[in-house]
Structures are given as structure tokens and as C-alpha cells.
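Structure, as C-alpha cells:
Only this structure's heavy atoms are used, side chains among them; waters, hydrogens and symmetry mates stay out. To find a chain, count down the sequence lines: A is the first, B the second, and so on, and within it residues start at 1.
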There are 2 protein chains.
Amino acid sequence: MTQMRPPTGSRAAAADRGIPEATVARLPVYLRALAALADAGMRTASSEQLAGAAGVNSAKLRKDLSHLGSYGTRGVGYDVEYLRYQIAREIGLTQDWPVVIVGIGNLGQALSSYGGFRSRGFSIVAIFDADPDRVGEEHGGLPISPMDQLEPVVAEHGISIAVIATPGPAAQEVADRLVAAGVSSILNFAPAVLSVPERVDVRKVDLSIELQILAYHEQRKALSGEEAVPGHDATDDVAAKVVGQL
Amino acid sequence: MTQMRPPTGSRAAAADRGIPEATVARLPVYLRALAALADAGMRTASSEQLAGAAGVNSAKLRKDLSHLGSYGTRGVGYDVEYLRYQIAREIGLTQDWPVVIVGIGNLGQALSSYGGFRSRGFSIVAIFDADPDRVGEEHGGLPISPMDQLEPVVAEHGISIAVIATPGPAAQEVADRLVAAGVSSILNFAPAVLSVPERVDVRKVDLSIELQILAYHEQRKALSGEEAVPGHDATDDVAAKVVGQL
DNA sequence: AAGAGTTTGTGAACGAGAGAACAAAATCGA
DNA sequence: TCGATTTTGTTCTCTCGTTCACAAACTCTT
Ligand SMILES: NC(=O)c1ccc[n+]([C@@H]2O[C@H](COP(=O)([O-])OP(=O)(O)OC[C@H]3O[C@@H](n4cnc5c(N)ncnc54)[C@H](O)[C@@H]3O)[C@@H](O)[C@H]2O)c1
Ligand SMILES: NC(=O)c1ccc[n+]([C@@H]2O[C@H](COP(=O)([O-])OP(=O)(O)OC[C@H]3O[C@@H](n4cnc5c(N)ncnc54)[C@H](O)[C@@H]3O)[C@@H](O)[C@H]2O)c1
């Protein structure tokens with residue numbers, strides 16, 4: 001995703017601040033696991049325990065954490081609260097991130113009403129929809145704002161993270177406006193490939209794709225049961241038209 | 001994810017039917033790109049065009065497709081409809097998958113009302129919630145069923161794919177019931193690490209984590225601006241308690 | 001029929017990530 | 001103080017995935 005800017009020359013000691021993408025994606029999981037352990041009253045935890053709670057291999061967890069620095073104690077483990085703070089700081093969760101949501105349909109409403117974001121370092125400061133009839137409707141304590149408020153709100157709050165939950169065809173246009181207004185990270189729920197300048201990060205969440213991946217594995221499981229029949233594939237060349245739409 | 005069952009001995013020719021996980025995750029994207037091209041009236045497409053529409057590198061696309069077989073024509077490209085059918089068949093989308101959703105809160109309602117699943121090969125056949133007051137409510141044309149209907153419905157329709165959209169603490173229990181009832185693929189929206197038998201596939205969608213990953217990159221961008229100050233980190237050892245809850 | 005022009009399919013080089021294994025560093029009990 | 005025990009941080013190896021680059025295969029024009 002983000003540009004891996006070439007070796008930053010002037011670096012002296014250990015923590016090179018270049019955490020592997022795969023590790024970054026797991027840090028939030030560790031944070032959640034630590035919260036669970038803290039709630040359970042644990043003040044310290046071994047890599048084995050933490051890994052268990054996070055659902056990963058303990059060697060992987062230790063290597064991940066070693067990228068942040070050396071925050072454990074050999075023979076003891078990790079101080080739960082301290083590690084929690086260090087990870088939060090590394091991810092950038094010691095500050096609160098203001099976020100806007102564009103497209104308040106089924107999904108946008110669910111997101112707007114979701115209370116879990118605030119406690120994880122994000123506050124939704126405005127929600128937008130193009131439908132004039134919906135402007136003013138409240139969701140999660142915020143009124144829907146009209147689209148012409150987008151630029152001023154983004155500027156005023158210094159928004160850098162936005163969520164797109166519009167239909168697919170509208171997504172690119174919305175993304176363009178967001179980027180022009182100053183947003184540099186987008187979470188996209190619309191089934192569309194967004195094209196944005198290099199400095200902008202886009203993450204895509206696509207529920208249909210997730211289901212399709214499950215379907216693939218499901219089909220393989222089913223097939224490996226009846227394995228018997230070796231090499232044919234009857235339906236193979238029959239027709240192309242069958243697929244219907246997408 | 002799924003067990004990479006050891007080399008299946010009795011395999012003669014080319015297509016070994018062991019598609020890399022990374023490729024599987026991209027096939028649905030290609031499918032969508034192909035649909036877009038077809039709608040635009042294209043009957044044939046080069047790897048370059050397809051890759052453009054799908055937002056990937058063309059070499060990667062060609063290698064991905066080569067795992068399914070040799071469906072292109074050198075000097076020409078790929079027949080849009082034919083490739084579409086082949087990918088759909090490979091993913092298992094020539095059949096329709098019945099799906100159930102458990103936990104009809106904000107998110108579950110959005111999913112239930114979403115029309116996009118049907119056209120992509122999935123039909124929601126039942127939705128469940130533990131709240132007795134909500135049983136009977138309609139969402140997306142389906143009434144909410146009580147939880148005690150879960151096992152009979154899963155059995156009757158031969159459900160193998162389920163979606164969990166309950167709060168985190170309830171997720172494991174729900175997963176256990178689903179698995180016991182015969183489900184072998186789960187799409188989980190709850191912030192919880194599910195433990196399931198090996199034969200069961202779980203995919204997790206976690207919106208907070210997506211935002212946190214964006215926040216990390218956002219922070220790095222901000223930091224690399226003020227790069228000047230080299231090695232310190234004032235707030236480093238100050239306190240641990242600051243983090244609040246998760 | 002032959003040559004020019006396209007575009008696929010794949011071999012090979014490279015890079016990133018996962019996991020096993022172990023030395024180094026800490027605690028604890030005697 | 002010393003040795004036994006625990007557990008981290010890191011090195012090494014292996015696997016998986018990405019990208020480049022090009023020969024092989026096809027079309028089209030003359
Ligand atoms: N609802 C789901 O469960 C679900 C599942 C998978 C994918 N998605 C995707 O998420 C997106 C949103 O889904 P949804 O069900 O909420 O759709 P929806 O149709 O209910 O809502 C879309 C909203 O976006 C608004 N909108 C349209 N054009 C806009 C524009 N140019 N600017 C601002 N707002 C605009 C519409 O007024 C509407 O309120 C879609 O792209 C959909 O494919 C949704
Ligand atoms: N809404 C969002 O935008 C959003 C965003 C990120 C994550 N999530 C996660 O998705 C999940 C659902 O979110 P939500 O906003 O819809 O929550 P919600 O509280 O609105 O809905 C949860 C639903 O699950 C039902 N439920 C509770 N226990 C159950 C059980 N044991 N069996 C069956 N049903 C049960 C409840 O009755 C309720 O209707 C949560 O885990 C949440 O953390 C939601």
C-alpha cells in the first residue's frame with residue numbers, strides 16, 4: 001500500500017520505524033487481546049498467552065512486537081498496560097481521529113450508529129448523503145449533512161480519514177471530492193476500484209468477495225468428497241452465457 | 001486457511017486444482033471487472049485492459065488466470081463471457097449458495113436488506129436474532145426467526161455458509177451452534193477470535209481494525225513531514241494508564 | 001505465404017512473511 | 001552467589017507471492 005520510502009539514510013539505532021504491513025494489520029488484534037486480558041485482571045502476560053488470546057502463533061507475535069522495540073522482560077513476559085500503551089502509540093491511537101462517512105444508506109446507517117468506533121480512537125464528526133430528502137435525518141446522534149458541506153467540514157475539522165458507503169458508480173466521484181478536500185485515507189465499501197493519487201491510502205472492504213472466497217473453499221470441500229471421478233469436467237465447454245449477470 | 005492436503009498423487013495433466021490463496025481472493029475482483037467490461041459492450045479483453053479494470057498488475061493477472069487453465073488467445077486476449085463463466089465455475093458460483101445471518105442489529109439489518117448478494121450467487125434464506133421482541137420483524141423480505149429454529153433451518157436447507165453479526169461476546173457461542181448444526185464456513189463481523197474445528201473456514205471482517213490500519217499510515221505521513229527531530233520520543237516512558245479502554 | 005505486430009503463458013529472480021529453534025537475559029529459590 | 005527455570009528477541013530456513021522479461025502462439029496485412 002503506502003510507499004516504502006527508500007532507506008532513510010540518517011538512522012542511528014534500533015527501531016527503524018519501518019513496520020512490515022502484515023505486522024501493522026495484526027497490531028490492532030493484539031490491542032484487543034490485551035484489553036481482554038486486562039479486563040480479566042491480568043497485569044502481565046507471556047507471548048504464549050497473548051498469542052492464544054489473539055489467535056496467532058507465539059513466535060509470530062514476538063517477532064511482531066520486536067518491531068516496535070524491546071518491551072518485554074525475559075523470564076516474565078509483557079506488562080499488559082505498558083504494552084497496550086506502546087501499541088496504541090505506534091498505531092496512532094493516542095490521538096483521536098475525526099472521520100466522516102459519505103453515503104448513508106443501509107450500511108452507512110449501521111456504521112453511523114455503531115458505538116464501537118469512538119472507544120477505539122475514532123469519532124464520526126459528520127455524515128453525508130446526496131439524497132436531499134434524507135438531509136437532516138439523524139443517525140447515531142448526527143444529522144445527515146448535504147454534500148455541499150463536504151469540503152468545508154473536511155477543512156474545518158482537518159479530516160484525513162473518510163468512509164465511502166455509496167453505491168459503486170458514485171464511489172469514484174466521491175473519492176475525488178474527498179481527496180481534493182484534503183482526505184488522505186479512505187475506507188471503501190463500494191464495489192469499485194478507486195483510482196487516487198499515490199499519497200492516498202485506500203482500503204477496501206467487500207462483503208460479496210468474502211462470501212465468494214468462502215464459497216470457493218466450500219466447493220473444494222464438497223468436491224474432494226466425491227473425488228473418485230478423476231479427469232473430465234462435463235459442463236466445461238458447454239456454454240458461456242449461463243453466468244447471468246456477474 | 002484451509003488445509004493444503006498433501007500432493008494428491010493420482011493427478012495426470014496440467015490443472016492441478018490447487019489455486020494459491022492470494023489468487024482465489026482476486027478472482028472475484030476479476031469477475032466484477034469482467035462484468036463491467038461486458039456491460040460496456042466489450043466481447044474480448046486483453047490482460048492489460050482487464051488488469052486495469054481490476055486495479056492490478058497485468059502480469060499478476062495473467063499468472064492468476066493461468067492457474068485455472070489456458071483460456072486466453074495469444075495475440076487477441078480473453079473472451080469476456082467465456083472467461084467469466086470459467087471463473088464463476090472455479091469459484092463455485094454456477095450454483096446458488098444458501099446463507100443464514102445471525103444477529104440482526106444495525107449491521108445485520110444492513111446485510112439482510114442488501115440486494116447485491118443474490119446477484120452474486122448467494123441467497124439469504126433465514127435471519128436469526130436472540131431478542132424475542134424482534135422475532136417476526138421483517139428485513140429484506142425475511143422475518144427474523146427465533147434462535148431455536150437455527151438447527152432445523154440449517155439442516156433443512158443444507159446451509160454451509162453463515163454470517164455472524166452478533167456482539168463480540170456472543171459470537172463464539174453462536175459459532176459453536178452453527179458448526180454443530182453443519183455449517184462449515186463463517187463470515188464473522190464480531191470483534192472476537194473464533195475457535196472452530198479445522199475443517200471450518202472463518203473469515204473475519206473488522207471495520208475498526210481497517211480504520212486503525214489507516215490511522216497508522218496516516219500518522220506516519222504526518223510524522224514524516226516533521227521528520228527533522230531525529231531520536232527522542234518524549235511521551236515514551238511517561239505513563240501506561242493513558243490508553244483508556246482499548 | 002511471409003513478415004510485422006500483439007498478447008499470452010511461464011521461467012526465473014526477487015522480496016516478504018511464517019515458523020522453528022536457540023542463545024541471551026531475566027527471575028526465583030536455596 | 002549460583003544454578004535452575006522461564007521466556008524473550010533474533011537468526012535461519014522455507015514457503016508463498018510479486019514482478020520482470022521473453023519465447024511461443026496467434027492475427028492481420030500485404
Ligand atoms: N448493505 C450491505 O450490507 C452491503 C453489503 C455489501 C456491499 N455493500 C455496498 O456498500 C455500499 C452501500 O450499500 P447500501 O446498502 O448502504 O446502499 P444504499 O443504496 O442503501 O445506500 C447508498 C446511499 O448512498 C447515497 N448516495 C448515492 N449517490 C451518492 C453520492 N454521489 N454522494 C453521496 N451519497 C450518495 C444514496 O442516497 C443512499 O443513501 C454499496 O456500494 C453496496 O454495494 C453494502
Ligand atoms: N454496526 C457497525 O457498523 C459495526 C461496525 C464494526 C463492527 N461491528 C460489529 O458487528 C457486530 C454487530 O454490530 P451491530 O451494530 O449490528 O450490533 P447490535 O447490537 O446493533 O446488534 C446485535 C444483535 O445481535 C443480537 N444478539 C445478541 N446476542 C445474540 C445471540 N447470542 N444470538 C443471536 N443474536 C444475538 C442482538 O439481539 C442484536 O439484535 C458487533 O459485534 C459489532 O461489534 C458493527
Side-chain angles (χ1 to χ4, degrees), chain A residues 1-7 13-16 18-27 29-30 34 37 42-80 82-83 86-87 90 213, chain B residues 1-7 13-16 18-27 29-30 34 37 42-80 82-83 86-87 90 213:
Chain A
M1 217 106 291
T2 329
Q3 60 291 2
M4 277 297 137
R5 107 195 113 140
D16 167 60
I19 301 183
E21 200 49 39
T23 296
V24 171
R26 281 187 296 265
L27 289 179
V29 180
Y30 301 155
L34 282 166
L37 294 182
M42 298 191 63
R43 308 197 65 76
T44 192
S46 72
S47 62
E48 203 72 48
Q49 296 173 305
L50 234 181
V56 303
N57 170 308
S58 71
K60 181 150 62 179
L61 177 131
R62 286 199 300 279
K63 188 180 288 188
D64 282 343
L65 294 185
S66 77
H67 289 294
L68 320 192
S70 199
Y71 296 137
T73 310
R74 297 174 189 220
V76 178
Y78 301 89
D79 180 288
V80 172
Y82 183 61
L83 182 58
Q86 291 299 343
I87 294 181
E90 191 68 41
I213 294 171
Chain B
M1 219 107 294
T2 331
Q3 60 291 2
M4 277 297 137
R5 116 195 105 139
D16 166 60
I19 300 183
E21 200 49 38
T23 296
V24 171
R26 281 187 296 265
L27 290 179
V29 180
Y30 302 155
L34 283 166
L37 295 182
M42 299 189 64
R43 307 199 65 75
T44 193
S46 72
S47 62
E48 204 72 49
Q49 298 173 306
L50 234 181
V56 303
N57 172 309
S58 72
K60 180 149 64 179
L61 178 130
R62 285 199 301 278
K63 181 158 285 189
D64 282 343
L65 293 185
S66 77
H67 286 114
L68 319 193
S70 198
Y71 297 136
T73 310
R74 300 176 187 216
V76 178
Y78 300 89
D79 181 288
V80 172
Y82 183 62
L83 182 57
Q86 291 299 343
I87 295 180
E90 191 67 41
I213 294 172

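Rounded to whole Å, the distance from CG on A:Leu65 to P on D:dG9 is 8 Å. Distance NZ (B:Lys60) to P (C:dA16): 13 Å, rounded to an integer number of Å. Separating the CD atom of B:Glu21 from the P atom of D:dG17 is a distance of 8 Å, rounded to the nearest angstrom. One interatomic measurement links the two molecules: CG of B:Leu50 to P of C:dT7, which rounds to 13 Å at whole-angstrom precision. Taking atom CD of A:Gln49 as the reference point, atom P of D:dT6 lies 13 Å away to the nearest angstrom. A:Arg62 has its CZ atom 11 Å from the P atom of C:dA20, to the nearest Å. Separating the NE2 atom of B:His67 from the P atom of D:dT18 is a distance of 10 Å, rounded to the nearest angstrom.
Checked against A:Leu61 for a side-chain contact (heavy atoms from CB on, under 4.5 Å), the options A:Ser47, A:Ser46, A:Ser66 give a single hit: A:Ser47.
By the side-chain contact (heavy atoms from CB on, under 4.5 Å) test, B:Ala59 pairs with B:Asn57, B:Arg62, sequence neighbours left out.
Residue A:Lys63 places no side-chain atom within donor-acceptor reach of the base of D:dT10, judged by atom type and a 3.5 Å distance cut-off alone. For a distance-only test at 3.5 Å, the side chain of A:Arg74 qualifies as a donor-acceptor partner of the base of D:dT8.
Taking 4.0 angstrom as the limit, A:Asn57 places none of its side-chain polar atoms (N or O) nearer than this to OP1 or OP2 of C:dG17. The phosphate of D:dT7 (OP1 or OP2) has no side-chain N or O of A:Tyr71 nearer than 4.0 angstrom. Contact annotation: B:Tyr78 reaches the phosphate of C:dG9 (side-chain N/O to OP1 or OP2, under 4.0 Å). At the phosphate of C:dG9, OP1 or OP2 sits under 4.0 Å from a side-chain N or O atom of B:Ser70. Checking the phosphate oxygens (OP1, OP2) of D:dC26, no side-chain nitrogen or oxygen of B:Thr73 falls inside 4.0 Å.
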Review point. Given B:Lys60 and B:Arg26, is the side chain to side chain contact (heavy atoms under 4.5 Å, CB included) satisfied, shown in steps?
Key: CA-CA 10 Å; B:Lys60 180 149 64 179; B:Arg26 281 187 296 265; 3.6 Å; yes
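When the nucleotides D:dA21, D:dT7, C:dG17 are ranked by their closest atom to the side chain of A:Ser46, D:dT7 comes out on top. For A:Arg26, taking side-chain heavy atoms from C-beta onward, the closest of the listed nucleotides D:dG17, D:dA21, C:dA18 is C:dA18. Taking every side-chain heavy atom of A:Ser66 into account, D:dG9 is the closest of D:dG17, D:dG9, C:dA18.
In terms of position along DNA chain D, the nucleotide closest to A:Glu48 lies nearer the 5' end than the nucleotide closest to the other residue of the pair B:Ala59 and A:Glu48. With the nearest nucleotide of DNA chain C identified for both A:Gly75 and A:Asp64, A:Asp64 has the one nearer the 5' end.
In this structure, CG in A:Leu83 is found 8.0 Å from CG in A:Asp79, a value given to the nearest 0.5 Å.
The closest side-chain heavy-atom distance from B:Tyr30 to B:Leu65 is below 4.5 Å.
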